[in-house]
Amino acid sequence: MKKFVWPLLAFALSNCQEKAAPPEPILPIPHERQIAWQELEYYGFVHFNMNTFSDREWGFGDEKPWQFNPTELDAKQWVRVAKEAGMKGLIITAKHHDGFVLWPSAYTAHSVKNSPWRDGKGDLIREFVDACLAEGLKVGIYYSPWDRNHPDYGKPEYITYMRNQLTELLTNYGELFEIWFDGANGGTGWYGGAKEERKVDKFSYYDWPTTIELIRKLQPNAMLFSDAGPDVRWVGNEHGLAYETTWSNLMRDSVYAGMPDFDKWATGQENGTHWVPAESDVSIRPGWYYHAYEDHKVKTLPELMEIYYKSIGQNSSLLINFPVDTRGLIHEKDEEAILKMAAKIREDFAVNLAKEASFKSSFSRGEGYGVENLNDGDFNTYWSTPDGQIQAFVELDFGKSVSFNRLLIQEFVNLGQRVKDFSLEKEVNGKWEIVARGSTIGFRRILRFPDTEARKIRINFLEAKGIPVISEIGVYFAPALLFPPKITRTPVGKVSITAAEDSQQIFFSLDGNAPKVGENPFLSEFEVLEATTVQALAVDSKSGKSSEVARVDFDLAKGTWKPITSDSNVVRSIDEKSQTYWTSTSNELVIDLGKEISLRGFTYLPMQARYPSGFISEYQFEISDDGKKWNTVRRGEFSNIQNSPIEQIVRFESVQARFIKLKSLKTIDENPATFGEFGVLTR
Ligand code: FUL
Ligand code: CA
């Protein structure tokens with residue numbers, strides 16, 4: 001903040017150089033707790049609870065406390081990883097939808113106190129808090145409003161239970177920086193043995209205003225997260241991606257947690273009435289909870305960097321999840337991945353070329369608001385223009401020609417978010433040429449563009465809600481990232497591997513071991529008809545550097561399968577392309593495998609299109625020898641498929657079958673079932 005200048009002193013100074021008046025704020029502006037929070041930018045999620053042991057994404061609520069039994073639990077390890085990765089805090093799932101709680105709550109028996117872990121004397125929230133505080137990490141709590149275990153869920157009594165538990169969490173464990181309320185709520189559950197569907201009115205059931213009042217009293221500095229805020233909002237997807245245009249302003253009175261079509265509001269609104277910045281959440285693996293079968297699906301460095309640039313680089317905070325494993329540790333592969341990401345961020349932003357540049361601007365507000373504030377590394381000092389002067393540019397002269405491919409800009413949002421359109425230009429022989437363009441800036445915006453060389457650049461502020469108020473400008477050269485190659489297979493089993501650039505060489509392996517540079521170069525496509533793991537990496541011929549390993553677990557090729565339906569579009573469900581899908585008016589997919597096969601499971605990829613429909617949420621899998629008499633092998637739910645439409649994997653004891661049927665018992669939106677891709681597992 002600018003120092004307050006006493007009027008008398010200001011008068012005395014006016015003869016010398018007068019300090020200009022600060023820009024008027026443009027409402028809404030952040031609250032103090034939001035200002036403290038926005039500086040955290042990047043923090044971690046820990047999904048660790050009953051689901052870790054039941055191997056589910058959403059427990060039904062009938063799990064038993066004895067199932068919760070980590071063997072090597074060490075919250076200090078989580079904290080060490082988070083800290084080394086540069087995270088400023090951690091948020092833990094104190095209670096998820098299945099209702100089991102990680103602390104010895106006085107209000108339920110469904111907790112760690114009845115588990116074998118630490119002989120029932122453990123308090124995981126205490127261990128977590130102590131570990132975080134010892135290393136200076138901030139502490140956050142995830143508490144699921146939906147409770148599939150509690151007998152009273154859906155009745156007013158449950159709201160009292162929820163408030164009692166929140167009171168325990170918010171009183172006994174010191175200061176919390178964020179309290180996370182999930183939007184998923186109401187549906188089928190165990191509910192104390194009732195085993196039924198309980199719908200709640202998501203708008204009114206929880207009486208949020210009263211709960212918020214309680215929370216403010218107990219934890220006045222904590223940020224309250226839900227789809228709709230009040231302090232921090234969901235970004236509207238579970239991929240960790242904010243939007244090219246992202247406002248921290250939100251029409252908050254028009255949204256509520258768990259509402260349908262929330263994604264339409266997720267970008268925020270230029271004329272949003274309240275300050276509710278976005279938080280991008282994503283898991284480092286496909287699922288939120290640990291499943292050994294995802295050990296090889298940890299996000300790659302290119303994927304994580306994409307998330308970084310599209311969240312933190314697009315005016316949002318980033319919450320990356322660690323699915324802590326059954327030992328009670330962050331898995332080695334997850335640790336490796338997050339540390340690689342942290343190292344790459346450090347590499348990309350190692351040298352700020354703007355530090356040494358000389359700055360000038362087309363307009364300046366005057367003393368105290370000059371361009372020298374733009375590269376002083378201090379968010380609280382800023383450059384601005386005279387009242388009414390919205391369009392302006394800032395020019396940087398590097399003194400010599402330099403190469404760069406990133407522009408970082410921070411708006412001093414404490415006075416409101418303003419900019420709607422800006423551009424980056426470079427000088428070429430006395431003329432200005434466009435390099436990149438952006439819309440909103442907000443707390444932090446990073447533009448990425450191809451390697452560019454110039455001595456002088458300009459940032460043009462073209463359109464805004466008021467005069468620009470800019471805290472920092474940075475210019476960087478991020479070294480190129482080598483992408484792992486893409487491995488694809490046609491329905492008849494032809495595998496090809498392609499690198500991002502022709503100048504890269506590809507090496508692959510089929511035996512489950514990592515591919516080695518120099519061994520097994522990929523020269524032409526080959527056939528894979530049975531269950532096989534294909535791995536490959538790309539080597540850059542110039543630098544000799546190699547990419548990360550790409551891996552695909554193929555199972556039976558589908559070319560000889562005969563789907564039983566008159567609808568020829570059915571092939572789209574077994575064409576090995578994730579982007580195509582088939583809509584089944586009969587809500588099932590029936591396939592003649594051509595011969596008897598021993599099966600150990602199946603996979604279902606929901607449709608991946610922008611506006612999905614017909615996601616199967618409850619399924620039944622059946623087999624038959626003749627296509628007439630059917631036996632049910634499995635019935636179940638695809639949990640969290642709506643928000644996280646990843647490939648669903650169902651395994652069972654080996655069965656022999658020639659005909660198979662995946663039947664939808666229920667779809668999320670009650671539209672006919674869709675199939676993005678279907679496959680079988682034979683190993
Ligand atoms: C979702 C939940 O349903 C998931 O299980 C997970 O906790 C994620 C962070 O939020 O809505
Ligand atoms: Ca500054």
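Quick caveat, the model's predicted, so the values are computed rather than measured. Counting starts at 1 for both ligands and their atoms, following the listed order.
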### Message
Using a 3.5 Å cut-off on N or O atoms only, is W180 in polar contact with ligand 1?
### Response
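It does not: no N or O of W180 is found under 3.5 Å from an N or O of ligand 1.
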
### Message
Pairs of nitrogen or oxygen atoms closer than 3.5 Å, one from W288 and one from ligand 1: do any exist?
### Response
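W288 vs ligand 1: no N/O contact under 3.5 Å.
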
### Message
I'd like to know if D387 and R365 make a salt bridge, using a cut-off of under 4.0 Å between side-chain N and carboxylate O.
### Response
yes

### Message
Check this for me, if you would: do D207 and R163 make a salt bridge, where the nitrogen-to-carboxylate-oxygen distance has to be below 4.0 angstrom?
### Response
yes

#### Entry: Part of F45 with heavy atoms under 4.0 Å of ligand 1, whether side chain, backbone, both or neither
side chain

## Note on the structure
Looking at E472, the N/O/S atom that lies nearest to the Ca ion (ligand 2) is called OE2

With respect to the Ca ion (ligand 2), please indicate if [X] possesses an N, O or S atom at a distance under 3.0 Å.
X	answer
Q410	no
N380	no
Y382	no

### Query
the Ca ion (ligand 2) as vertex, arms to OD1 of D376 and O of N373: angle to 10°?
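About 80°, to the nearest ten degrees.
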
### D376, I470, L415 screened by side-chain contact (heavy atoms from CB on, under 4.5 Å) with Y382, the one that passes
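Only match with Y382 under side-chain contact (heavy atoms from CB on, under 4.5 Å): L415.
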
### Query
For ligand 1, is Y142 a contact, meaning one of its heavy atoms is under 4.0 Å away?
yes

### Task
Would you mind checking which non-hydrogen protein atom is closest to atom 7 (O) of ligand 1, with the distance to 0.1 Å?
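Answer for atom 7 (O) of ligand 1: H47 NE2, 2.7 Å.
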
